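Structure first, commentary second.
The first residue of the sequence shown is numbered 1, and numbering continues consecutively from there. For clarity, every value in this text was computed on a predicted model and none was experimentally measured.
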Amino acid sequence: MFPRPIEQASPAKQWLYTAAVPVALFLWLLPLLGVAVTSLRPASDLAAGNYFGLPSHLAFENYLDVFRNTPMGQYILNSFKVTLPTVIGAVGLSCMTGFALAVYRFPSNLIIFFMFVAGNFVPFQILMVPVRDLTVQMGMYNTWYGLALFHIAFQSGFCTLFMRNFIKSLPFELIEAARVEGVAEWRIFWFIVLPLMRPAIAALSVLVFTFIWNDFFWATVLTSSPDTQPVTAGLSSLNGQWIAQWQLVSAGSILAALPPVLMFFAMQKHFIAGLTLGAVK
């Protein structure tokens, strides 16, 4: 059922595995390495057709030109204005809905839970036109808070599924003991269950932050101006009207990828603990 550890394989398979891992890693990182090298090419190299050779010199000023000649700073700020409220809203809401669906027994419990789950299987492309029309009618089109609210709505299904299953794995005896002592339900949630959910909250926050920060589809559908566009949608505008400034696009892409990477490494310990909690006893 489970793959056999490589240590138990034959020497030939172990050697093949050892040789294949660096090759796979290089192929995986090759596009990123290409973008990193292009971000350091001077514009003259690209104009001369030097796309794959070594740069004539390292143009570190490309990273400064991204901020001096384009609204890159505003794009990054817009991404934070959309991503942070979405993480707080989606994770906070899912903690409460997950607690209700995991702890309380009522007739429509499973129906409501399946509705949260079913929402994850609806392709976002189908919702593009009605969601855009709804934002226009509500006056939230081309606003960062409109984009954040719809992200919270779209992420609530997955987050609720995650939190409900996590709370289900907690010892229910703690809640029963608190109820016997006469503790109010909101205090049970706040002082007993919520502290035990910290690894799950950390793991889910990293996942949602990465999903929303890297979102391109809704960023282009629900925003249209540099004042509100997140960095994923704004990167396409870094090209000039008559010339493709790939060195600026590449430099902007590297800068746009830094926040999720930094957050992952900052929360790595809690992220792994949240994903593996309950896997072993």
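In terms of hydrophobic clustering, with Ile, Leu, Val, Met, Phe, Trp and Tyr side chains grouped at heavy-atom distances under 4.5 Å, F154 and V136 are assigned to different clusters. Side-chain heavy atoms closer than 4.5 Å link hydrophobic residues (I, L, V, M, F, W, Y) into clusters, and following such links, possibly through other members, connects V231 to I254. Linking ILVMFWY side-chain heavy atoms closer than 4.5 Å, directly or via other members, places I88 and L194 in two distinct hydrophobic clusters. Cluster annotation: L40 is connected to L258 through the hydrophobic network of ILVMFWY side chains, with a link wherever side-chain heavy atoms come within less than 4.5 Å. One hydrophobic cluster, built from ILVMFWY side chains closer than 4.5 Å, cannot hold both I152 and W144; they sit in different ones.
For the side chain to side chain donor-acceptor pair (under 3.5 Å) test, residues two or more places apart in sequence or in another chain that qualify with T97 are T160. When the side chain to side chain donor-acceptor pair (under 3.5 Å) test is applied to R132, no partner is found at least two apart in sequence or on another chain.
Atom OG1 of T38 and atom CG of L46 lie 7.0 Å apart (nearest 0.5 Å). Distance check, rounded to the nearest 0.5 Å: SG of C159 to CZ of R164 gives 15.5 Å. Note: N109 CG to F114 CZ = 9.5 Å, rounded to the nearest 0.5 Å. Atom CG in L54 sits 13.5 Å away from atom NE2 in H57 (nearest 0.5 Å). One distance of note links CG of N214 with OG of S79; it measures 9.5 Å at 0.5 Å rounding.
The two residues A256 and L235 come nearest to each other via the heavy atoms CB-CD1, 4.4 Å. When all heavy atoms are compared, the tightest approach of R41 to N50 is NH1-O, 3.3 Å. Considering all non-hydrogen atoms of both residues, F121 and P123 come closest at O-CD, 3.4 Å. Between A219 and T232, the shortest heavy-atom contact is CB-OG1, 3.9 Å. Across L147 and P230, no two heavy atoms sit closer than the pair CD2-CG, 3.7 Å. A pairwise comparison of heavy atoms in Q125 and F217 identifies CA-CZ, 3.9 Å as the closest pair.
Other residues sharing a hydrophobic cluster with M115 under the 4.5 Å side-chain heavy-atom criterion for ILVMFWY residues are I111. Applying the under-4.5 Å side-chain rule to Ile, Leu, Val, Met, Phe, Trp and Tyr, the cluster around F216 consists of that residue alone.
Within the 4.5 Å cutoff, side-chain heavy atoms of M197 are placed close to those of C95. At a threshold of 4.5 Å between non-hydrogen side-chain atoms, the residues L174 and L196 count as touching. No side-chain heavy atom of W218 sits less than 4.5 Å from a side-chain heavy atom of F150. V131 is not listed as a side-chain neighbour of V221, based on a closest heavy-atom distance of 4.5 Å or more. Within the 4.5 Å cutoff, the side chain of N165 has heavy atoms near those of the F113 side chain. Contact annotation: the side chain of S224 approaches that of Y141 to within less than 4.5 Å [non-hydrogen atoms, C-beta and beyond].
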May I have the list of side-chain donor-acceptor pairs in residues 67-78 shorter than 3.5 Å, sequence neighbours left out?
from, atom 1, to, atom 2, distance (Å)
R68, NE, D65, OD1, 3.3
R68, NH2, D65, OD1, 2.6
T70, OG1, V66, O, 2.1
Q74, NE2, N78, OD1, 2.8
Y75, OH, S237, OG, 2.8
N78, ND2, Q74, O, 3.1
N78, ND2, P226, O, 3.1
N78, ND2, D227, O, 3.3
N78, ND2, Q229, O, 3.0

Just list the side-chain donor-acceptor pairs under 3.5 Å for residues 14-35, sequence neighbours left out, or say none.
from, atom 1, to, atom 2, distance (Å)
Q14, NE2, I6, O, 3.4
Q14, NE2, E7, O, 3.2
Q14, NE2, A9, O, 3.0
T18, OG1, Q14, O, 2.8

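Side chain of S169 to main chain of F166: a donor-acceptor pair is present (N/O by atom type, distance under 3.5 Å, no hydrogens or angles). Side chain of D45 to main chain of S56: a donor-acceptor pair is present (N/O by atom type, distance under 3.5 Å, no hydrogens or angles).
Within a 6.0 Å sphere centred on NZ of K13, heavy atoms belonging to other residues, nucleotides or ligands number 12 at most. Counting heavy atoms of neighbouring residues, nucleotides and ligands inside a 6.0 Å radius, atom OH of Y104 exceeds 12 of them. Within 6.0 Å of CZ in F106 there are more than 12 heavy atoms belonging to other residues, nucleotides or ligands.
The aromatic rings of F80 and W213 sit perpendicular, their planes meeting at an angle over 60°, well past the 30° parallel limit.
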Notebook entry, point to check: Could you go step by step and tell me if S39 and N62 meet the side chain to side chain donor-acceptor pair (under 3.5 Å) rule?
Noted result: CA-CA 7 Å; S39 70; N62 289 338; over 6 Å; no

Next item on the list: Step by step, work out the side chain to side chain contact (heavy atoms under 4.5 Å, CB included) result for D215 and T83.
Entry: CA-CA 10 Å; D215 172 70; T83 304; over 6 Å; no

Checklist line | Chi angles and distances behind the side chain to side chain contact (heavy atoms under 4.5 Å, CB included) call for M163, M96 | finding: CA-CA 9 Å; M163 286 300 184; M96 293 183 286; over 6 Å; no

Checklist line | Audit row: Q245, Q247, side chain to side chain contact (heavy atoms under 4.5 Å, CB included) steps and yes/no | finding: CA-CA 5 Å; Q245 303 182 89; Q247 75 280 6; 4.1 Å; yes

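With ring centers used as reference points, F116 lies 6.0 Å or more from F158.
For the residue pair N142 and T223, no side-chain donor N or O sits within less than 3.5 Å of a side-chain acceptor on the partner.
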